[in-house]
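A short write-up of the structure that comes next.
We're numbering straight along the sequence, starting at 1.
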Amino acid sequence: MSWADEIGGDEETLSELIEASRTPDGRRARLHELADTLYLLPASPSHLLLLRLRLLRNLLAGDELNQYAFIERSGPSVVAASVLSSPSLAPDAARAALQALGNTALAGEFHRDAVWEALFPEALLEFAGVRDAGVLDPLCMVLDTCCGGEGGRQRLNELCHEDLGLPILVQVVNTASQVEHKEEWLEWLLFKVCVEEQKFETLFNALCSNDVECTDNGEYNAKHAFLLGTLSMCLNNHPKEVTVSDSFAHHVFNVHKHAAETVDFTHRGMSPLPTGCPAVDILGYTLQLLRDICAWESPSSETQSPVDSLLQTGLVKDAKVCPYIGYRRDLVAVIANCLHGRKKVQDEIRQLGGVLLLLQQCVIDEDNPYLREWGLLAVKNLLQENEENQKEVSELEMQEPVITPEIANIGLKVEIDKETGRPKLVNTSDVSISALK
């Protein structure tokens with residue numbers, strides 16, 4: 001019996017073929033088998049449909065001849081129609097179909113264009129509505145892959161189109177927030193849309209349209225918080241692989257300011273992010289985004305970093321009761337990154353009377369994990385090559401809650417000058433940094 005005959009056989013035979021096609025030799029140039037599978041797919045009962053989709057997925061994994069044959073036989077349209085025409089869209093079948101289409105899209109621009117033409121926008125919207133993490137991951141793979149490469153910008157513009165593509169993105173975020181999906185394909189897709197394509201404001205606002213779940217004065221919901229949390233994770237995990245624009249930085253800061261006006265700061269939070277309260281989560285995730293934006297460095301020395309323009313907005317002026325565990329740490333982290341190599345910010349902290357306040361952050365706080373570490377970094381950056389700030393610290397009276405032993409961890413210590421009886425700041429090698437005369 002030939003493989004072509006076996007494809008129309010029972011489940012056991014198909015399972016054996018799927019296993020054989022897992023290896024490069026087992027799937028190499030199986031053009032006739034691929035064609036027969038596509039031919040049988042539309043009329044397949046559900047139990048055979050899934051197996052044949054998995055067989056296609058394997059045949060299309062890195063085999064160039066199979067991938068071209070799949071496109072020539074209108075494979076993307078056949079697969080999409082076969083799956084979506086079922087009375088009920090089974091997650092396993094949707095997943096296998098999207099994996100097959102993702103493997104095809106990875107082959108090159110010709111293949112990406114064919115996959116996109118077959119799926120956009122109706123099929124993609126239907127797939128995005130499946131509440132299953134196993135479906136969402138290959139869907140994001142297809143979207144991200146098709147929106148990359150030579151023709152990716154045009155397809156990305158279509159995906160961000162208000163009437164055609166934006167509903168797909170909204171559905172993706174909605175589904176991802178419900179199933180708590182946090183894989184890298186989703187991160188890259190949303191970062192590409194919101195930051196590189198500068199559609200953050202558009203998508204953020206669209207998440208509120210016609211949504212009865214919008215709470216917190218009708219403005220924020222769990223989808224907003226999920227989007228910001230995903231963007232924060234991507235920037236934090238891949239700072240050297242992404243580009244951050246001034247526009248995105250200012251949009252994040254504006255959302256942060258608005259969230260700060262919405263959150264009730266009279267009650268101390270008892271849980272870390274996510275807290276379950278959309279406004280508090282948005283406050284926290286935007287703060288973490290600002291922390292990493294302030295640390296991000298442009299690969300081009302001629303390009304101004306977003307933090308430089310953010311500082312003109314009064315970025316570092318914020319001090320509230322902690323609405324979630326880690327809020328004060330995140331505030332100090334933003335300030336620490338803003339201080340790095342920026343004398344203007346160092347001076348502003350001193351002029352606002354913030355030197356003492358930063359020194360007081362070099363402590364262990366159970367409600368703010370790693371506060372001490374960020375506080376030490378902030379003080380180090382505050383004093384770096386700034387004689388005025390060094391002098392102010394040296395003039396402080398020797399009070400244990402103010403000058404903590406942790407200062408020594410950044411190479412500094414405060415001791416009493418034997419001649420004047422006043423405190424002075426010295427480094428650990430006993431070379432005076434600043435002392436009163």
Side-chain angles (χ1 to χ4, degrees), residues 3-24 26-107 111-112 114-120 122-143 145-146 175 183 185:
W3 191 338
D5 293 329
E6 291 175 334
I7 289 174
D10 58 23
E11 296 181 37
E12 182 178 354
T13 303
L14 277 170
S15 297
E16 292 174 358
L17 298 177
I18 291 171
E19 185 63 30
S21 63
R22 290 180 180 275
T23 66
R27 58 178 173 262
R28 182 170 292 119
R30 296 288 187 176
L31 304 182
H32 294 296
E33 292 80 359
L34 185 143
D36 289 335
T37 303
L38 280 176
Y39 176 77
L40 294 168
L41 200 64
S44 299
S46 59
H47 64 289
L48 294 180
L49 176 65
L50 176 58
L51 294 175
R52 287 173 179 146
L53 287 170
R54 288 175 174 171
L55 177 57
L56 282 175
R57 174 199 63 194
N58 291 357
L59 292 175
L60 294 167
D63 190 286
E64 185 176 348
L65 291 177
N66 288 344
Q67 290 165 336
Y68 272 103
F70 182 70
I71 298 300
E72 290 173 353
R73 289 167 173 77
S74 302
S77 297
V78 173
V79 167
S82 299
V83 174
L84 297 177
S85 62
S86 300
S88 59
L89 183 53
D92 286 346
R95 179 184 183 184
L98 288 167
Q99 288 172 332
L101 294 167
N103 287 342
T104 304
L106 288 171
H111 303 76
R112 287 191 285 270
V115 169
W116 189 257
E117 184 177 353
L119 300 183
F120 183 83
E122 290 86 358
L124 290 174
L125 186 59
E126 288 194 56
F127 281 126
V130 181
R131 302 290 192 270
D132 188 278
V135 174
L136 189 61
D137 195 47
L139 172 62
C140 291
M141 172 191 178
V142 170
L143 289 170
T145 302
C146 287
T175 299
E183 298 299 325
W185 283 116

With Trp185 as partner, the option from Asp137, Leu143, Leu136 fulfilling side-chain contact (heavy atoms from CB on, under 4.5 Å) is Asp137

In terms of heavy-atom contacts, Thr23 and Ala20 come closest through OG1-O, 3.4 Å

Decide if atom CZ of Arg112 counts as having more than 12 heavy atoms of other residues, nucleotides or ligands within a radius under 6.0 Å. yes

Query raised in the report: Is it true that atom CD of Glu64 has more than 12 heavy atoms of other residues, nucleotides or ligands lying nearer than 6.0 Å?
Result: no

For the residue pair Met141 and Asn103, establish whether any side-chain heavy-atom pair is separated by less than 4.5 Å.
yes

Between the CD atom in Gln99 and the CG atom in Asn58, the distance rounded to the nearest 0.5 Å is 9.0 Å

Intermediate values then yes/no, side chain to side chain contact (heavy atoms under 4.5 Å, CB included), Arg28 and Asp63:
CA-CA 6 Å; Arg28 182 170 292 119; Asp63 190 286; 4.0 Å; yes

Shortest non-hydrogen pair, Leu89 vs Glu126, comes out as CD2-O, 4.2 Å

Rounding to 0.5 Å, atoms CG (Leu119) and CG (Leu125) come to a distance of 12.0 Å

| said: Is there a side-chain contact between Leu53 and Thr37 in this structure, where contact means two heavy atoms from C-beta onward sitting under 4.5 Å apart? | reply: no

- Query: Do Arg52 and Leu40 come close enough that some side-chain heavy atom pair is under 4.5 Å?
  - Reply: yes

Here the pair of heavy atoms bringing Gly134 nearest to Asp132 is N-OD1, 2.7 Å

The side-chain contact (heavy atoms from CB on, under 4.5 Å) partner of Leu60 among Leu101, Thr104, Leu106 is Thr104

Quiz item: Are His111 and Tyr68 close enough that their ring centers fall under 6.0 Å?
Solution: yes

*Under a 4.5 Å cut-off applied to non-hydrogen side-chain atoms, are Pro76 and Trp116 in contact?*
no

Would you check, one step at a time, whether the test side chain to side chain contact (heavy atoms under 4.5 Å, CB included) holds for Val135 with Thr175? CA-CA 10 Å; Val135 174; Thr175 299; over 6 Å; no

Leu124 and Leu139 have their tightest heavy-atom pair at CD2-CD1, 3.8 Å

From the list Val79, Leu59, Val78, side-chain contact (heavy atoms from CB on, under 4.5 Å) with Phe70 holds only for Val79

So, the side chain of Ser85 versus the backbone of Ser82: is there a donor-acceptor pair under 3.5 Å, distance only? yes

query: Can you check whether Arg22's main-chain N or O pairs, donor with acceptor, with Arg27's side chain at less than 3.5 Å?
result: yes

Exercise. Could you check if a side-chain atom of Leu51 sits within less than 4.5 angstrom of a side-chain atom of Leu17, using non-hydrogen atoms only?
Key: no

Residues pairing under ring-ring contact (aromatic ring centres under 6.0 Å, His included) where one sits in residues 39-66, two or more places apart or in two chains, turn out to be none

In short, Leu34 meets Ala69 closest at the heavy-atom pair CD2-C, 4.3 Å

